[in-house]
Amino acid sequence: MSWFEALVLGLIQGLTEYLPVSSSGHLAIGQALFGMENGEENLMFTVAVHVATVLSTLVILWKEVNWMLRGLASFSVHLVRGDADLKKNAGMRYALNIIISMIPVGIVGLFFKDEVEEIFGSGLLIVGCCLLLTAVLLVFSYYAKPRQKENIYWKDAFIIGIAQACAVLPGLSRSGSTIATGLLLGNKKELLAQFSFLMVIPPILGEALLDILKMIKGENVIGSIETLPLVIGFVAAFLSGCLACKWMINIVKKGKLVYFGIYCAVIGVVTIICSLL
C-alpha cells in the first residue's frame, strides 16, 4: 500500500464513518478502485483507521463521555453505600442505554462473525444493494413525522442497537441506520447523532482488540504495509473523523439527511451496474 492509497482510504474511513453513506461500503469501493484484494493482508491498516475514528469521537464528544463516566463513578459509590438511585443519575441511565444498544451487535459478533466476513468478500453487488437500502431508510425517515419523545429510553436503545447490528453489512450505513431508526421511533434529532456516535465506540474497540489478538497469534496475515502509510492513514482518518463527527451532528439537527439518501441511491445504482459489467 502506497502513502497516497493510505491517505485516500484514511480520509474515506474518517468521513464516511459519521456521514450516513456507509464507511465499509466506500472502503470496499476504494479498495476495488485501487485494485486491492478484499482480504486480510490489510488488517493492520483497517484496525488503525477504525481506532482513529473512535479517538475522533472521544475528542469531539469528550464532554458527554466525561459526563457518563462521572455518572458511572457516582452510581458505583452510592451503590457501595447502599443508597444508589438510578432515577436521579442521568449519566448512569445514559450509559446503561449505550450498553443495551451494544447487545445486538455483540450477539452478531459472537455467533455470526464468519458469515459476516463471508458477505464482505462477496463483491460490490451486495454493497450497491445495501447502499440502496440505506437510501430508502434515510428518505423514509425524512418524510416520517412521529410524535417526539423527550428522552431515548432503553427499548428505543435496544431497537437502535438492532439497526447497528444489521449495519455490519457492507454498504448499509451504521450512522444512517441508527439515526434513521431513532427518528422513526420518535426520538429527537438533537439527541440521536450524539447517541449514535457514542454507541459505536465499544463495538469498534472490541473488534479492534480481537483483530489485534489474532495478529499476535498469527491467525491472520498482517501484510507488508510500511510504517509511513499506516501513520498517514491513521492521521487522515482521525482528522477527517473529527470534522465529519462535528459536521454530522449539525446536519442531523437541521434534518438534512434526505440529501445523503439521494447520494446513496446514485452511488448504489452505479456500484451495481459496475459489478455486473
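If you're wondering where the values come from, they're calculated on a predicted model, not measured in any experiment.
Taking hydrophobic clusters as Ile, Leu, Val, Met, Phe, Trp and Tyr residues chained together by side-chain heavy-atom distances below 4.5 Å, Leu55 shares a cluster with Trp247. Follow the hydrophobic side-chain contacts under 4.5 Å out from Phe4 and you reach Ile232 in the same cluster. Cluster annotation: Val168 and Ile103 are assigned to the same hydrophobic cluster (Ile/Leu/Val/Met/Phe/Trp/Tyr, side-chain heavy-atom contacts under 4.5 Å, transitive). Using a 4.5 Å cut-off between side-chain heavy atoms of Ile, Leu, Val, Met, Phe, Trp and Tyr, with links allowed through other members, Val59 and Phe234 fall into the same hydrophobic cluster. The hydrophobic clustering, which links ILVMFWY residues whose side-chain heavy atoms are closer than 4.5 Å, places Trp62 and Leu205 together.
With a 4.5 Å cut-off on side-chain heavy atoms, Pro20 and Ile179 do not count as touching. Residues Tyr94 and Leu198 are in side-chain contact: their nearest non-hydrogen atoms beyond the backbone lie under 4.5 Å apart. In this structure the side chain of Thr57 never reaches within 4.5 angstrom of the side chain of Gln194, judged on heavy atoms. A 4.5 Å side-chain heavy-atom check between Glu5 and Pro229 finds every atom pair outside the cut-off. Val200 places a side-chain heavy atom less than 4.5 Å from the side chain of Glu17. Contact check for Leu183 versus Leu192: side-chain heavy atoms found under the 4.5 Å cut-off. Taking the side chain as every heavy atom from C-beta outward, Val127 and Leu169 never approach each other to under 4.5 Å. Between Ser177 and Gln164 there is no side-chain heavy-atom pair separated by less than 4.5 Å.
Not counting sequence neighbours, Tyr142 has no partner by the side-chain hydrogen bond (donor to acceptor under 3.5 Å, both in side chains) test. Lys246 is linked by a salt bridge (charged side-chain N to carboxylate O under 4.0 Å, His left out) to nothing, counting only residues two or more places apart in sequence or in another chain.
In this structure, the separation between CG on Leu185 and CG on Asp156 is 4.5 Å, given to the nearest 0.5 Å. Rounded to the nearest 0.5 Å, atoms CG (Leu15) and OG (Ser240) are 4.5 Å apart. Going from atom CD1 of Ile12 over to atom CG of Leu19 covers 12.0 Å, rounded to the nearest 0.5 Å. In this structure, CZ on Arg70 lies 11.0 Å from CG on Leu72, to the nearest 0.5 angstrom. Here SG of Cys245 is found 5.5 Å from CD1 of Ile60. Values are rounded to the nearest 0.5 Å. The line from CG of Leu172 to OG1 of Thr134 is 4.5 Å long, rounded to the nearest 0.5 Å.
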(request) Please lay out, stage by stage, how Tyr18 and Ser175 fare under the test side chain to side chain contact (heavy atoms under 4.5 Å, CB included). (result) CA-CA 6 Å; Tyr18 301 102; Ser175 62; 5.6 Å; no
(request) Give the intermediate values and the outcome of side chain to side chain contact (heavy atoms under 4.5 Å, CB included) for residues Asn187 and Asn151. (result) CA-CA 7 Å; Asn187 292 288; Asn151 298 294; over 6 Å; no
(request) Go through the steps for Trp154 and Ile159 under the test side chain to side chain contact (heavy atoms under 4.5 Å, CB included), then give the verdict. (result) CA-CA 9 Å; Trp154 71 267; Ile159 295 173; over 6 Å; no
(request) Before giving the answer on side chain to side chain contact (heavy atoms under 4.5 Å, CB included), spell out for Tyr153 and Asn97 the whole-Å C-alpha distance, their side-chain angles and the decisive distance to 0.1 Å. (result) CA-CA 7 Å; Tyr153 299 103; Asn97 282 340; 5.9 Å; no
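Shortest non-hydrogen contact noted between Ala237 and Gln13 is CB-CG, 4.5 Å. Minimum heavy-atom separation, Ile160 to Gly182: CD1-CA, 3.9 Å. Considering all non-hydrogen atoms of both residues, Gly233 and Val49 come closest at O-CG1, 3.7 Å. Across all their heavy atoms, Thr181 and Ala163 have their closest contact at OG1-CB, 3.3 Å. Scanning all heavy atoms of the two residues, the minimum distance from Thr53 to Gly14 falls at CG2-CA, 3.8 Å. Closest non-hydrogen pair, Met199 versus Gly161, comes out as CE-CA, 3.9 Å.
For the pairing with Thr178, the side chain to side chain donor-acceptor pair (under 3.5 Å) check across Ser173, Ser196, Ser101 returns one residue only, Ser196.
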Distance-only donor-acceptor pairs under 3.5 Å for side chains of residues 258-274, two or more places apart:
| unit_1 | atom_1 | unit_2 | atom_2 | d |
| --- | --- | --- | --- | --- |
| Tyr263 | OH | His26 | NE2 | 2.9 |
| Thr271 | OG1 | Ile267 | O | 2.7 |

